[in-house]
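Letters go in sequence order (proteins before strands), and every chain restarts at 1.
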There are 2 protein chains.
Amino acid sequence: MELNIPLGYLLGQSLRVFRNQLVFEFKEKEIKLTLDQFVILHLLNANCDLIQQDLANQLQKDKSIIVRQINSLLENQYVVRLTNKEDKRKKNLILTKRGFEILNQMKEIASELSGKLLSGVSETDLKVFRNVLGTIHENGGAEEEFINCGLNQPK
Amino acid sequence: MELNIPLGYLLGQSLRVFRNQLVFEFKEKEIKLTLDQFVILHLLNANCDLIQQDLANQLQKDKSIIVRQINSLLENQYVVRLTNKEDKRKKNLILTKRGFEILNQMKEIASELSGKLLSGVSETDLKVFRNVLGTIHENGGAEEEFINCGLNQPK
DNA sequence: CCGAATTAGTTGACTTTGACAACTAATAAT
DNA sequence: ATTATTAGTTGTCAAAGTCAACTAATTCGG
């Protein structure tokens with residue numbers, strides 16, 4: 001039956017399943033953030049000195065969208081936006097304590113959900129799966145890996 | 001370095017790579033359709049007697065969004081919307097010749113792009129990959145498989 | 001060193017998605 | 001026969017996305 005189902009269809013379907021359930025569970029715990037905002041906080045925590053353009057590259061979104069999403073995170077005091085001393089065009093984004101706390105809550109929910117959605121998948125298959133996703137990103141002309149700053153602490 | 005990257009992040013990244021490049025290539029060939037509209041045409045071609053609610057389930061979208069997307073496909077005469085004889089609530093969606101033709105164009109572009117983005121991935125890994133995506137969908141509470149009507153011809 | 005090109009960020013206008021409730025019409029259930 | 005459910009449609013509103021224009025800072029080529 002499989003008549004070459006488009007890759008984008010399968011990806012979109014799975015992403016939507018994940019996102020819908022994630023945001024649903026966020027709401028249950030009074031967390032009013034989207035998947036993308038969760039990912040942004042995750043990236044900010046895992047990588048130091050990120051600027052908005054980096055996020056735009058990573059998330060494959062227009063930089064104007066990032067500006068607005070960061071604005072929303074700023075309003076909720078999850079991050080602060082600081083002009084970079086060496087290059088005044090750049091704005092460094094730093095997680096606040098508040099942001100760090102909500103990120104941890106969200107991580108737990110996300111990881112539980114991942115476990116649920118991936119139940120029945122073996123460790124080795126999961127590894128292959130993640131590798132293929134990485135390959136897609138690379139073949140699509142991905143950026144270099146980030147350099148982690150080593151300490152994943154809030155400011 | 002990998003500190004448990006959220007599943008939704010990886011999926012979202014890959015999907016966006018695929019979608020951005022697909023729509024870019026569509027535009028190059030004067031095709032003004034989105035990934036979702038492509039998927040809808042694909043589903044309509046591969047499965048007979050689909051109604052809008054089926055599409056909503058498959059694409060995990062609200063039915064109101066489907067109505068509007070079908071409206072747009074109607075305006076461009078890629079599909080027709082017919083009231084089902086047995087159940088007058090239902091509307092069957094049928095691909096037109098025009099829709100069938102543009103679908104084939106898009107399929108070619110999509111399949112080429114998939115090949116490019118998946119280059120370096122072995123057949124077995126690809127199989128695992130598709131299986132995991134299927135598992136996610138199933139674990140998320142998926143619908144039953146469609147029954148293909150056997151002939152993938154336009155009306 | 002100077003002007004041109006590039007880069008990061010921001011804003012505004014506009015379209016499309018998406019969430020959600022209200023509603024109609026048809027069918028199914030009790 | 002009344003009630004509940006289902007499919008589809010519409011309206012409203014917020015969020016996401018596109019795109020162009022613009023500022024300010026930096027880099028590049030001469």
Side-chain angles (χ1 to χ4, degrees), chain A residues 8 12-13 15-28 31-40 49-76 79-93 143, chain B residues 8 12-13 15-24 26-27 32-40 49-76 79-94 143:
Chain A
Q13 217 181 26
L15 174 61
R16 206 168 270 270
V17 165
F18 184 83
R19 185 173 49 199
N20 288 350
Q21 300 203 13
L22 187 74
V23 173
F24 177 80
E25 291 183 27
F26 280 178
K27 278 183 187 160
E28 277 186 336
I31 298 173
K32 294 184 206 52
L33 294 182
T34 63
L35 169 61
D36 284 327
Q37 290 176 320
F38 163 47
V39 169
I40 287 175
D49 299 327
L50 278 192
I51 62 172
Q52 297 179 183
Q53 189 60 51
D54 295 330
L55 293 177
N57 295 142
Q58 277 296 305
L59 297 174
Q60 302 263 141
K61 287 178 193 253
D62 190 273
K63 54 190 178 172
S64 64
I65 301 171
I66 303 291
V67 170
R68 281 154 188 154
Q69 281 180 333
I70 297 291
N71 284 345
S72 148
L73 291 173
L74 271 171
E75 280 166 28
N76 290 292
V79 298
V80 288
R81 185 192 263 142
L82 298 175
T83 300
N84 185 294
K85 293 267 169 64
E86 281 100 52
D87 185 339
K88 286 173 195 155
R89 288 171 307 181
K90 298 179 179 174
K91 304 286 178 73
N92 288 113
L93 300 166
E143 304 292 307
Chain B
Q13 215 181 27
L15 175 61
R16 206 168 272 270
V17 165
F18 184 83
R19 185 173 49 199
N20 288 350
Q21 299 203 14
L22 187 75
V23 173
F24 178 80
F26 280 179
K27 277 182 187 161
K32 293 184 206 51
L33 294 182
T34 63
L35 170 59
D36 284 327
Q37 290 176 322
F38 164 46
V39 169
I40 287 175
D49 298 328
L50 278 192
I51 62 173
Q52 297 178 184
Q53 189 60 51
D54 295 331
L55 293 176
N57 296 142
Q58 276 298 304
L59 298 176
Q60 301 265 142
K61 287 180 192 248
D62 190 90
K63 54 190 178 171
S64 65
I65 301 169
I66 302 292
V67 170
R68 282 155 188 152
Q69 281 180 334
I70 297 291
N71 284 345
S72 148
L73 290 173
L74 271 170
E75 280 166 28
N76 290 292
V79 298
V80 288
R81 186 193 261 143
L82 299 175
T83 301
N84 185 293
K85 294 266 170 68
E86 283 100 50
D87 185 340
K88 285 172 196 156
R89 289 172 305 181
K90 299 180 178 174
K91 303 288 179 71
N92 288 112
L93 302 164
I94 317 284
E143 305 290 308

Side-chain atoms of A:Arg89 come closest, of D:dT10, C:dA8, C:dA19, to C:dA8
With no angle test and no hydrogens, is the base of D:dG11 tied to the side chain of B:Arg68 by a donor-acceptor pair under 3.5 Å? yes
Is a donor-acceptor contact shorter than 3.5 angstrom present between the side chain of A:Lys91 and the base of C:dG9? no
How is A:Lys85 classified with respect to the nucleic acid when contacts are heavy atoms under 4.0 Å: base, sugar-phosphate, or nothing? nothing
Answer with base, sugar-phosphate or nothing: what part of the nucleic acid does A:Ile66 contact at a heavy-atom distance below 4.0 Å? nothing
Given D:dC19, D:dA16, C:dG9, the nucleotide with the shortest approach to the side chain of A:Asp62: D:dC19
Nearest of D:dA7, C:dG18, C:dG9 to any side-chain atom of B:Ile65? C:dG18
Judged by modelled atom types alone, do B:Gln52 and B:Arg81 share a side-chain donor-acceptor pair under 3.5 Å? yes
Report which part of the nucleic acid A:Ser64 touches: base, sugar-phosphate, or nothing (heavy-atom distance under 4.0 Å, all strands). base
For a side chain to side chain donor-acceptor pair (under 3.5 Å) check, start with the C-alpha distance between B:Gln37 and B:Gln69, then their side-chain angles and the critical distance, and finish with the verdict. CA-CA 7 Å; B:Gln37 290 176 322; B:Gln69 281 180 334; over 6 Å; no
Atom CD of A:Gln21 and atom P of C:dA19 are separated, to the nearest Å, by 14 Å
Taking atom CD1 of A:Ile65 and atom CD1 of A:Ile70, what is their separation to the nearest 0.5 Å? 12.5 Å
A:Ser64 versus A:Asp62, side-chain donor and acceptor atoms under 3.5 Å: yes
Report the distance from atom CG of B:Asn20 to atom P of D:dA16, rounded to the nearest whole Å. 16 Å
Which part of the nucleic acid, if any, lies within reach of B:Glu86 when heavy atoms closer than 4.0 Å are counted: base, sugar-phosphate only, or nothing? sugar-phosphate
What is the separation between atom CG on A:Leu73 and atom P on D:dA16, rounded to the nearest whole Å? 10 Å
What integer distance in Å separates A:Lys32:NZ from C:dG18:P? 23 Å
Return the value, rounded to whole Å, for the distance between atom NZ of A:Lys90 and atom P of C:dT6. 17 Å
So which nucleotide from C:dA8, C:dG18, D:dG17 ends up closest to the side chain of A:Asp36? D:dG17
Quick one: do B:Ile94 and B:Val79 satisfy side chain to side chain contact (heavy atoms under 4.5 Å, CB included)? Show the steps, please. CA-CA 5 Å; B:Ile94 317 284; B:Val79 298; over 6 Å; no
A:Leu15 CG to D:dA16 P, in whole Å, measures 14 Å
Has A:Arg19 got a side-chain N or O lying under 4.0 Å from the OP1 or OP2 atom of C:dT17? no
Which part of the nucleic acid does A:Arg16 contact within heavy-atom distance under 4.0 Å: base, sugar-phosphate only, or nothing? sugar-phosphate
What do the steps show when you test A:Leu35 against A:Leu15 for side chain to side chain contact (heavy atoms under 4.5 Å, CB included), and what is the final call? CA-CA 10 Å; A:Leu35 169 61; A:Leu15 174 61; 3.9 Å; yes
Would you please confirm or rule out a distance under 4.0 Å between OP1 or OP2 of D:dT9 and any side-chain N or O of B:Gln52? yes
Tell me what B:Lys63 touches on the nucleic acid: a base, only sugar-phosphate, or nothing, going by heavy atoms under 4.0 Å. base
Take atom CG of A:Asn92 and atom P of D:dA25, then tell me their distance rounded to the nearest Å. 16 Å
Phosphate contact (D:dG17 OP1 or OP2) by A:Lys61 side-chain N/O below 4.0 Å: yes
B:Gln53 side chain: which of D:dT26, D:dA7, C:dG9 is closest? D:dA7
Distance, rounded to the nearest Å, where A:Ile70 contributes CD1 and D:dG17 contributes C1': 16 Å
